[in-house]
Amino acid sequence: MTTTLGLSDDDLSDTFCDQNDELLFSRISDDLSKHGYSVNVNALPLALAEQLSQHISAISDDSFKQASIGRNKGRSNNLTVRSQRQSWISNDSLASSNWLKWASELQCYLNQHLYLGLSTFESHYAHYRPGDFYKRHLDSFRGQSSRRLSIVIYLNRDWLSTDGGELIMYADNEDLTGLRIIPSFATVVVFLSEEHPHEVLAAHRDRYSIAGWYSPTLSTNV
Ligand code: OGA
Ligand code: MN
């Protein structure tokens, strides 16, 4: 362990992490280390979920852009794989700022407990209209992308099993059955981006969520 100005690494990381949501964060951390994913129903702090829900319903249709597939050169709009619309999140509203703050507290906690070395976070509001879906995919491919950890939260009240739009989370590439997750209000799903293929079944009503990705600092020496 290194020491800086009389403080150990542990003291330093305790100093910089603002942890308001210790119980949820520790559950996510335990689940990730055991299974590589974590599903938490009705877990996002309610005030934040309410605020985000109001905000997302106030975003104009024009601000949601058709999602694309792939990054950089390989980018294309491929409606046979993915048909939802998205709006990237920045610190331009109180709701978005509170979301980014909460997401960075989780990042800090996971860095302390799992040593994931996460340093950047990008996220978007997503709107699936009736009929929209996202076929089975990985959020990150080893060596091609820096995304290490994915998070999705849902902002849909009173979602019924007949409303479709479930997230199916697969244990690995061989898994064909998967775990069915209802996109119900304030549910928080976190998973290792390179390990877990997943898909979104066609929604039968408007489906609102936030999807985000944590990445480590890119090393120039690899
Ligand atoms: C994604 C994604 C899952 C969901 O945006 O990459 O897989 O349930 N979203 O919205
Ligand atoms: Mn995904």
Side-chain angles (χ1 to χ4, degrees), residues 28 31-32 36-44 49 52-53 55-57 59 63-72 74-89 96 99 103 106 118 120-142 144-157 159-161 163-173 175 178-215:
I28 292 173
D31 284 348
L32 284 176
Y37 65 86
S38 178
V39 180
N40 305 272
V41 176
N42 200 14
L44 192 70
L52 290 168
S53 171
H55 184 70
I56 203 168
S57 54
I59 297 176
S63 305
F64 280 102
K65 301 277 185 288
Q66 189 66 54
S68 59
I69 298 283
R71 314 191 84 190
N72 307 324
R75 197 177 278 279
S76 65
N77 284 349
N78 185 342
L79 295 179
T80 61
V81 177
R82 179 183 196 188
S83 60
Q84 100 269 19
R85 294 149 65 83
Q86 64 190 32
S87 171
W88 289 100
I89 299 179
S96 296
W99 158 249
L106 175 61
L118 308 172
T120 62
F121 182 68
E122 54 180 340
S123 59
H124 63 221
Y125 296 108
H127 177 202
Y128 290 66
R129 295 154 303 177
D132 283 350
F133 57 86
Y134 195 167
K135 291 243 163 97
R136 181 173 171 139
H137 65 282
L138 279 168
D139 284 350
S140 179
F141 294 94
R142 247 184 217 107
Q144 281 182 26
S145 161
S146 58
R147 290 173 174 179
R148 182 166 289 175
L149 193 71
S150 303
I151 182 167
V152 190
I153 63 151
Y154 300 106
L155 300 170
N156 309 296
R157 287 174 208 280
W159 195 268
L160 303 174
S161 52
D163 290 330
E166 296 98 330
L167 171 67
I168 311 292
M169 177 71 59
Y170 298 98
D172 51 39
N173 281 328
D175 183 8
L179 177 74
R180 214 176 180 85
I181 300 158
I182 306 278
S184 60
F185 196 70
T187 292
V188 177
V189 180
V190 185
F191 55 97
L192 297 174
S193 310
E194 294 172 336
E195 310 290 334
H196 296 284
H198 53 283
E199 71 181 297
V200 180
L201 303 184
H204 306 315
R205 53 174 266 209
D206 288 295
R207 176 193 194 268
Y208 292 98
S209 58
I210 294 178
W213 299 273
Y214 295 95
S215 308

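In listed order, ligands and their atoms are each counted from 1.
- Scanning the protein for heavy atoms near atom 1 (C) of ligand 1, the closest one is Tyr134 CE1, 3.7 Å.
- At under 3.5 Å, not a single nitrogen or oxygen of His124, backbone or side chain, sits near a nitrogen or oxygen of ligand 1.
- Minimum heavy-atom separation, Thr187 to Val41: OG1-CA, 3.6 Å.
- The shell of residues lying under 4.0 angstrom from ligand 1, judged by heavy atoms, includes Trp213.
- With respect to atom 3 (C) of ligand 1, the closest heavy atom belonging to the protein is Val200 CG2, 3.5 Å.
- Side chains of Trp213 and Ser193: a donor-acceptor N/O pair is absent below 3.5 angstrom, by distance only.
- Put simply, the side chain of Asn156 gets close to the backbone of Tyr208: a donor and an acceptor are under 3.5 Å apart.
- Counting heavy atoms from C-beta on, the side chains of Ile168 and Leu179 never come closer than 4.5 Å.
- Phe64 places a side-chain heavy atom less than 4.5 Å from the side chain of Tyr125.
- Ranking protein heavy atoms by distance to atom 5 (O) of ligand 1, first place goes to Ala211 CB, 3.7 Å.
- Only the side chain of Asp139 comes within 4.0 Å of ligand 1, counting heavy atoms alone; its backbone N, CA, C and O stay farther away.
- Across all non-hydrogen atoms, the minimal contact from Arg136 to Asp175 is NH1-O, 2.9 Å.
- Taking 4.0 Å as the cut-off, Arg207 counts as a neighbour of ligand 1 on heavy-atom distance.
- In this structure, atom 8 (O) of ligand 1 lies nearest to the protein heavy atom Tyr154 OH, 2.5 Å.
- Listed by atom number, the atoms of ligand 1 under 4.0 Å from Leu167 heavy atoms are 3 (C), 8 (O).
- The name of the N, O or S atom in Asp139 nearest to the Mn ion (ligand 2) is OD1.
- Ligand 1 has His137 within reach: a non-hydrogen atom of the residue lies less than 4.0 Å from it.
- Rounded to the nearest 10 degrees, the angle NE2 (His137) to the Mn ion (ligand 2) to NE2 (His198) equals 90°.
- Side-chain N/O atoms of His196 and Asp139 include no donor and acceptor closer than 3.5 Å.
- Paired with Tyr128 under the rule side-chain contact (heavy atoms from CB on, under 4.5 Å), one option of Gln84, Arg205, Arg85, Gln86 passes, and it is Gln84.
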